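To start, the structure itself, in structure tokens.
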Amino acid sequence: MVFRGFRDAVVSAALELRKLKEKFDVKHDIEPLIDNIEARLKPKPSEKFSSEARIVFTALKTLAEEVAEGQVPSLNNLGPLIVVGEALESTKTYRGLVKWAISKVKLPSLSSAVEAYVISGDAILEMAFKTGGSSVAVSEDPRPLEIVFEKFSMQGLSIKLVNAGIEGVTSAVDKPIGALLLSSPAFWALSDFSELIRKTYTMLEPGGYTAFILPLRDRHDQVNPLEPFVVISGGHPSPTLDDFRSQLLLEGYESIKVSKRDPLYCVVARKRR
Amino acid sequence: MARVVKTLCPRCGMQLTVELTESLLVDAEDSPIGITGLAIPHKDHVAIVYFDSNGGERGVKVVELAGTKERLKVIRIPRQSLEKLENIKAFRVFVKDLGLVFEGERGAFEVAVRGEYKGVSLDIAPSSLDNIPRLKKWLTYAASSLSAFMSVISTSRVVALIHTIDRLATVEPPLFASKVVKLLFLSPLVTYEINQRRLNLFSLYGSEITARYEESDLEMVIESEGKPIAYILGEAGSPVSIRTALFLLALERRGIIEFKPLGVDLPW
């Protein structure tokens, strides 16, 4: 028996979107995206889901069905994205990418680490374990902040909670920002990547890091199977890894490191000193 | 030896004790109208007891304390309603916007601790001084609940809240204690609806989360949907009720359940 993993579950959930496509009120047509995914990635029907894949499939199906019923997530009311994001972030695939990202970030002792668009808070918690430095979680929806607060309290760690958009971080944090973590599905479903690259660069101290976890395309003509879920949530189709890297370099980032756990990428970039 | 006179306050019925000192009788004798008054402040008002120069009582007048704009309605809770209290000897709940005072006592006391929030104050005389630091926190959360949900304040709700605080007095407030008190206070008036899809998903990935809660019984949560949350919480203020409330709050912050008022208008 072959068990299908994270990527196959995303593909299967993406193909299921056809049944609901009339119910989505979206800026970008998802039909060509699904066609592209089906042509390249359709899983074999005889294979079964692993337990991780079952979580991923159910999470994305939950998101799609709720959005189809009008529960569209927004930054100040993440709606279904709280459980969906927490579920995805609980998988080994996601946790592996988070661990990899944290291993590439070197946080100066007097700096703070910030996770924006936080949902489960696993990334900032991992960072706190590694560095013991000052931690900050940011969300416009207050409920994820409670989730993070509870996790940190149970570990005997302190964290500053900022109930605001990412722009609110600078005024709320008194230490320079040495690391910015943008890893939750709320980030990749609800933000504009290009705009965010500019914002994060200005927020960081020189030599500081930004870690992004997001779905990117390998090539222009290869749709990432998570893209339809980004689009139904109100986001844009994914750029390619090369385009994303170019934007980072153009903004002034350097030392760009990349890891891929299909269909997610982790990109860690450092601001010039 | 000075004579002692006892009389009753016409406002609240409290027994007032006055010592007829020599100077008091001299004041009455020197007065053009032959009487003098002695002010006795108590509760939210002052009783002025008048005497003639022979020490005869000549009437009692009640005036409000400075700053009390409206007459307060004082509701005294009978002692038999307070028999089950173990950690509270007496209490006084003041809700400024409603002009209401609820008070009751089941024994003599010397020390009281206060919690207050936006025009609501709760004074509690504890049975043990050891409970004061914990009570202080719980009382502030309870005052916050009363302030937030003033529309449902009634004698029975206040008596229930006092009994809840009585049980909480020996418990260290946990994280989200303020929300726990709100749930306990409103437990007969609030239910919840389950988002079944989210619950299904949570049951796949949430085992690490439910393990943090001793009373994390998802089957029980499903079974109790639509009923007052008092049904699932049990005795408000007991350790089980606190742990169950914390679990419900964990589900609520994930959007798995949504609290709904039961036939009352609540700013939930």
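Note on naming: letters A, B, ... go to the chains in the order of the sequence lines (proteins, then strands), and numbering restarts at 1 for each one. Fair warning: this is a prediction, and the values are worked out from it, not measured in the lab. Values below: every heavy atom of this structure, side chains too, minus hydrogens, waters and symmetry copies.
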With a 4.0 Å cut-off, would you call [X] and [Y] a salt bridge?
{"X": "Arg198(B)", "Y": "Glu258(B)", "answer": "no"}
{"X": "Arg167(B)", "Y": "Glu86(B)", "answer": "no"}
{"X": "Glu105(B)", "Y": "Arg92(B)", "answer": "no"}
{"X": "Lys21(A)", "Y": "Glu31(A)", "answer": "yes"}

*Using the six-membered ring wherever Trp is involved, compare the ring planes of Tyr213(B) and Phe247(B) and label them parallel, tilted or perpendicular (cut-offs 30° and 60°).*
tilted
[X], part contacting chain B, at a heavy-atom distance under 4.5 Å:
{"X": "Glu52(A)", "value": "neither"}
{"X": "Thr58(A)", "value": "both"}
{"X": "Glu69(A)", "value": "side chain"}
{"X": "Lys151(A)", "value": "side chain"}

Looking at [options], which has the largest count of heavy-atom pairs under 4.5 Å with chain B?
{"options": "Thr91(A), Val84(A), Leu81(A), Thr62(A)", "answer": "Thr62(A)"}
{"options": "Arg143(A), Glu146(A), Arg54(A)", "answer": "Glu146(A)"}
{"options": "Ser51(A), Pro144(A), Pro80(A), Pro142(A)", "answer": "Pro80(A)"}
{"options": "Ile82(A), Val83(A), Ile119(A)", "answer": "Val83(A)"}

*Please confirm whether Arg261(A) makes a cation-pi placement over Phe6(A), using NZ or CZ under 6.0 Å from the six-membered ring centre and within 45° of the ring normal.*
no
*asked:* Surrounding NZ of Lys227(B) (heavy atoms of other residues, nucleotides or ligands, distance under 6.0 Å), is the total greater than 12?
replied: yes
*Listed once per pair and sorted, the side-chain hydrogen bond (donor to acceptor under 3.5 Å, both in side chains) pairs that draw on residues 124-139 of chain A, sequence neighbours left out*: Lys99(A)-Glu126(A)
*Report the option among Leu201(B), Asn200(B), Leu175(B), Asn195(B) that has the most heavy-atom pairs separated by less than 4.5 Å from atoms of chain A.*
Leu201(B)
*Are side-chain heavy atoms of Leu249(B) and Arg253(B) found at a separation under 4.5 Å?*
yes
*Residues of residues 236-244 of chain B within contact distance of chain A, non-hydrogen under 4.5 Å*: none
*Aromatic contact, Phe149(A) with Phe152(A) (centres under 6.0 Å)*: no
